[in-house]
2 protein chains.
Amino acid sequence: MNTRDKILDAAAHVMRTRGFARTTTKEIARAAGYSEATLYKHFQDKTDLFLAVLHAKLPTFRPFAEELARKPGAGSLRDNLAATARAAIEFYRESFPMTASIFAEPDLLAAHRTSAARRGAGPHRPVEALARYLRAEQEAGRIRPEADPDAGAALLLGACLQYAFLLSFAQRELDPQAVEAYAGSLADTLVTGLTTAR
Amino acid sequence: MNTRDKILDAAAHVMRTRGFARTTTKEIARAAGYSEATLYKHFQDKTDLFLAVLHAKLPTFRPFAEELARKPGAGSLRDNLAATARAAIEFYRESFPMTASIFAEPDLLAAHRTSAARRGAGPHRPVEALARYLRAEQEAGRIRPEADPDAGAALLLGACLQYAFLLSFAQRELDPQAVEAYAGSLADTLVTGLTTAR
DNA sequence: TCCTAGTTAGTGAGTACCTACTTACCTAGG
DNA sequence: CCTAGGTAAGTAGGTACTCACTAACTAGGA
């Protein structure tokens with residue numbers, strides 16, 4: 001692992017523990033095992049370093065979205081949704097602390113938003129992926145035609161985001177059994193809504 | 001309005017615009033129209049001031065929760081849920097920037113969590129209020145008995161939280177027409193799920 | 001095989017600035 | 001005269017960032 005990556009690793013670690021705003025260049029340098037001046041050989045300034053950390057270390061939903069794209073027609077709709085909910089809770093749980101803390105720095109938020117948009121990333125992508133899957137199931141006839149796939153996707157993933165938010169707020173760990181039960185009842189409630197005539 | 005309240009107002013305003021972490025005592029004092037030293041006549045230190053701001057200025061869901069408690073049996077379930085969604089989006093939209101930015105300061109988050117718990121507030125309260133309403137409707141026979149009111153509440157409010165989150169991230173204003181349509185399709189999707197047999 | 005010059009990766013010791021917080025003082029009302 | 005509310009002018013410590021420097025390695029010409 002080269003120096004730049006070591007610095008990114010250390011910065012991500014310090015950001016997660018000390019919090020975004022309280023992270024100092026001195027602390028990052030010490031955690032990485034280099035001097036402060038070395039940071040500035042590899043990054044223009046602190047903002048540049050933070051954007052690089054966000055780019056490199058924010059978890060991505062892409063692998064699961066790709067799996068979801070292969071699923072229409074296979075497996076039960078309910079189980080697919082429950083699996084999506086479990087993956088989404090983990091995804092949001094991992095990304096939330098870092099994402100939320102960017103809101104403390106409006107300037108950084110703006111910079112991150114533009115750089116993320118340029119890369120085609122963004123927080124709405126999971127919802128879009130799930131909505132695409134639901135539309136495919138709708139065309140395959142497994143979801144009733146009047147249903148709204150966008151609303152369905154927003155409901156399921158919103159509940160997952162909220163779950164992760166509450167866990168972060170309470171500073172609790174994930175309990176796999178509780179997640180399993182929660183994801184299941186979300187899927188049950190949602191599927192019945194999507195598949196049953198009024 | 002007394003000095004203390006003026007300071008709280010100014011602090012809340014600066015926190016919203018400059019961001020939580022970047023807010024300085026000097027800036028608050030200037031915005032309030034007092035000297036920096038005056039802040040310390042009214043608050044012990046900066047943390048004490050911030051906790052007071054959070055206590056005084058965080059929006060509350062209580063008025064709407066109370067209205068919701070009077071509703072079971074009156075009006076259509078769908079319209080009640082759509083109204084709840086609209087209120088929740090506004091509530092989350094207002095409280096999210098401040099709430100999320102606390103995550104940048106783990107120490108402050110912990111302090112706020114304990115002080116909020118002591119006052120009986122907390123981010124889970126809206127979900128609980130909605131779940132209580134849904135249970136009442138279930139007992140009144142307007143929701144099928146096998147449905148899970150907790151899951152229903154989590155789905156609806158989660159989607160609203162997510163909507164507010166995305167708006168904050170995109171730094172867009174609320175578009176009442178879009179909110180109306182969004183809340184409606186959420187309620188439609190959810191109600192069908194809660195009221196129809198499989 | 002040496003000598004030399006350039007490059008790369010890193011650092012110790014600062015600097016200029018900003019921050020939360022304090023002190024000594026003032027002033028008006030009761 | 002005392003006290004509550006207010007201030008100007010600090011202080012001590014922390015912050016991002018810079019600069020002059022070193023040591024190790026590389027390339028290439030005589």
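Chain naming here is simple, since letters A, B, ... match the order of the sequence lines and numbering starts at 1 in each.
In this structure, Tyr40(B) places its OH atom 19 Å from P of dG10(D), rounding to the nearest Å. Rounded to an integer number of Å, the gap from CD1 of Ile28(B) to P of dA20(C) is 8 Å. With rounding to whole Å, Phe43(B) atom CZ is found 13 Å from dG5(D) atom P. Remark: P of dA9(D) and NZ of Lys26(B) are 13 Å apart, rounded to the nearest angstrom. Whole-Å rounding puts the Arg30(B) CZ to dT19(C) P distance at 11 Å.
Residues Arg86(A) and Ala183(A) come closest through the heavy atom pair CG-CB, 3.8 Å.
In this structure, Glu137(B) pairs ionically with Arg142(B), as a charged nitrogen and a carboxylate oxygen lie closer than 4.0 Å.
Using a 4.5 Å cut-off on side-chain heavy atoms (C-beta onward), Phe50(A) and Ile102(A) make no contact.
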Once base and sugar-phosphate atoms are separated, protein heavy atoms under 4.0 Å mark nucleotides 7-14 of chain C, 5' to 3', with B, S and - as ---BBB--

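When heavy atoms are screened at a 4.0 angstrom cut-off, Thr47(A) is found touching no nucleic acid atom at all.
Note: Phe165(A) and Phe103(B) have tilted aromatic rings, judged against thresholds of 30 and 60 degrees for the angle between ring planes.
Defined by atom type and a distance below 3.5 Å, a donor-acceptor pair is present between the side-chain atoms of Asn80(B) and Tyr133(B). Side-chain atoms of Gln171(A) and Arg113(B) include a donor-acceptor pair closer than 3.5 Å.
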